[in-house]
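When a residue number appears, it is its place in the shown sequence, counting from 1. The analysis underlying the following values was restricted to heavy atoms, covering all of them including side chains, and did not include hydrogens, waters or symmetry mates.
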Amino acid sequence: MKKLLISAAIICMMLASGCSTVSMPSVSYTAYTSLYWLREAGVPEAAEFSDAIGNDKVNLSKDTVASYDELAPVNKLYIEMRYAALNQYIIGNNYQNNLDIACGFAPRSIAMARQNRMFVGADFGPSVTEIKHVLPDCLSRKQQKRVCYIVADATDRTSMMKAADKMDGRICITMDGLMMYLTREEQAAVLQNIRAILENHGGAFVTSDFSAREFVKAAAEVVYHEADAQRIYRNSAEMYEKTASADFDKAFFPHADEAQRFIESHGLKVKRIPLFPKPCSIFCAKDLDIEQY
């Protein structure tokens with residue numbers, strides 16, 4: 001997995017302040033899809049969450065997803081590595097508070113609560129309502145007190161500050177698959193809101209969103225051959241683009257340096273770090289041979 005280990009997450013530390021508010025498209029389909037891939041990868045808390053929500057809602061139809069058998073191992077690897085990397089960063093840097101923006105149905109709340117950390121998930125109303133309904137099936141009463149879901153638009157300053165203010169002390173803000181669905185103006189608004197939260201609370205923002213395209217291609221190269229990486233990335237991207245009416249090629253920056261300049265232009269300091277500081281143990285490794293691993 002060398003290609004994956006040298007992929008970068010982007011850590012943004014607070015520097016200044018500002019504000020902009022725009023509307024954001026709904027990408028609820030990807031919330032179910034991400035949970036599906038985590039469950040298929042073998043992540044235990046993902047299976048618990050999926051069972052509580054209803055596996056019929058979470059399941060992808062293999063008949064409607066083109067090249068499902070080819071895409072499945074790449075998506076399982078990519079989604080699990082992305083999920084595990086953010087969890088490891090929170091734990092490894094001893095953050096007691098986690099604000100997960102556009103949290104969807106990611107089972108990070110379960111993982112954080114069982115680690116005795118505070119978790120606040122921010123998302124649109126339908127997702128929050130559904131999660132609140134099933135959370136008692138996954139966590140004890142004591143653990144539930146460490147989890148809060150709040151309706152919040154990542155581009156809206158007021159709702160994001162309300163979510164952050166649910167916690168005391170430094171906050172690790174995570175984002176796991178949102179930026180590629182937003183326009184530049186929307187991305188700017190999100191970054192400005194994150195900066196304002198970090199000014200008030202301290203902490204860091206960690207995401208792999210700005211390097212997600214290269215990350216998926218690297219995952220494809222692990223599973224298949226380098227020559228197939230572009231085609232498999234394109235097929236995987238189209239699965240999401242068609243549903244969310246998104247254009248990933250426009251959403252992504254051509255080069256990492258351009259993404260860094262964009263983030264810095266909104267008052268944040270940027271540090272690129274390895275996805276993992278050392279080789280990690282992942283559940284979907286059971287599907288890889290020794291060379292791939």
Side-chain angles (χ1 to χ4, degrees), residues 3-25 27 30 34 74-75 77-79 81-83 85-86 89 100-102 104 153-155 160 172-198 204-222 226 229-276:
K3 291 180 180 295
L4 289 173
L5 295 177
I6 64 174
S7 296
I10 297 180
I11 306 299
C12 307
M13 303 297 288
M14 175 279 295
L15 184 62
S17 65
C19 180
S20 176
T21 302
V22 289
S23 61
M24 179 165 51
V27 290
T30 63
S34 294
V74 174
N75 276 271
L77 179 60
Y78 161 58
I79 297 295
M81 291 285 278
R82 186 180 73 180
Y83 171 77
L86 297 190
Y89 183 85
D100 202 16
I101 297 178
D153 181 335
T155 64
M160 290 306 299
C172 184
I173 302 173
T174 51
M175 185 182 295
D176 205 358
L178 172 65
M179 284 296 192
M180 61 281 293
Y181 293 100
L182 306 182
T183 65
R184 286 288 180 269
E185 291 76 17
E186 291 167 337
Q187 291 175 352
V190 173
L191 292 174
Q192 289 164 6
N193 293 338
I194 287 171
R195 180 185 61 198
I197 291 171
L198 294 177
F205 162 49
V206 57
T207 183
S208 60
D209 279 10
F210 291 99
S211 52
R213 177 168 53 187
E214 288 69 31
F215 190 6
V216 177
K217 291 177 182 176
E221 291 177 21
V222 167
E226 186 172 351
Q230 177 62 37
R231 176 181 60 81
I232 293 172
Y233 158 76
R234 190 65 258 164
N235 289 343
S236 185
E238 286 177 359
M239 178 174 63
Y240 299 99
E241 287 177 326
K242 289 178 181 178
T243 303
S245 298
D247 187 336
F248 290 170
D249 288 332
K250 287 184 179 180
F252 284 119
F253 290 87
H255 303 288
D257 289 345
E258 291 184 35
Q260 180 167 336
R261 286 194 293 270
F262 176 76
I263 298 167
E264 290 173 337
S265 73
H266 294 287
L268 293 159
K269 296 178 181 179
V270 177
K271 180 180 179 181
R272 300 186 71 214
I273 62 169
L275 201 65
F276 294 95

Task: Under 3.5 Å: donor-acceptor pair, side chain of D209, backbone of M180 - done: no

- [ ] Look at the aromatic rings of F210 and F253 and report parallel, tilted or perpendicular, splitting at 30° and 60°.
- [x] tilted

Task: Distance-minimising heavy-atom pair for A229 and A220 - done: CA-CB, 3.8 Å

- [ ] Quick one: closest heavy-atom pair of F205 and L198, and the distance?
- [x] N-CD1, 4.2 Å

TODO: Measure the spacing between CG of L86 and CG of L275 and express it to the nearest 0.5 Å.
DONE: 8.0 Å

- [ ] First locate atom CZ of F262, then atom CG of D257, and finally report the distance between them rounded to the nearest 0.5 Å.
- [x] 15.5 Å

Task: Rounded distance (nearest 0.5 Å) linking atom CZ of R213 with atom OH of Y233 - done: 5.0 Å

TODO: Walk me through it: do R82 and S34 pass the test side-chain contact (heavy atoms from CB on, under 4.5 Å)?
DONE: CA-CA 10 Å; R82 186 180 73 180; S34 294; 3.6 Å; yes

Task: Rounded distance (nearest 0.5 Å) linking atom CD1 of I101 with atom CE of M175 - done: 4.0 Å

Task: Distance in Å, L178 CG paired with Q187 CD, rounded so as to fall on 0.5 Å steps - done: 8.5 Å

Task: Partners passing salt bridge (charged side-chain N to carboxylate O under 4.0 Å, His left out) against R184 (at least two apart in sequence or in another chain) - done: none

Open item on the list: Please check this pair: side chain of S211 against backbone of E214, looking for a donor-acceptor N/O pair closer than 3.5 Å.
Closed with: no

Task: Spatial distance of atom CD1 (I194) from atom NE2 (H266) [nearest 0.5 Å] - done: 11.5 Å

Open item on the list: How close do R272 and Q260 get, counting heavy atoms only, and between which atoms?
Closed with: CD-OE1, 4.0 Å

Task: For V206 against C172, the heavy-atom pair lying closest together - done: CG1-SG, 3.7 Å

- [ ] Look only at the side chain of T155 and the backbone of A189, and say whether a donor-acceptor pair between them is shorter than 3.5 Å.
- [x] no

Task: R234: partners by side chain to side chain donor-acceptor pair (under 3.5 Å), with sequence neighbours left out - done: E241, D249

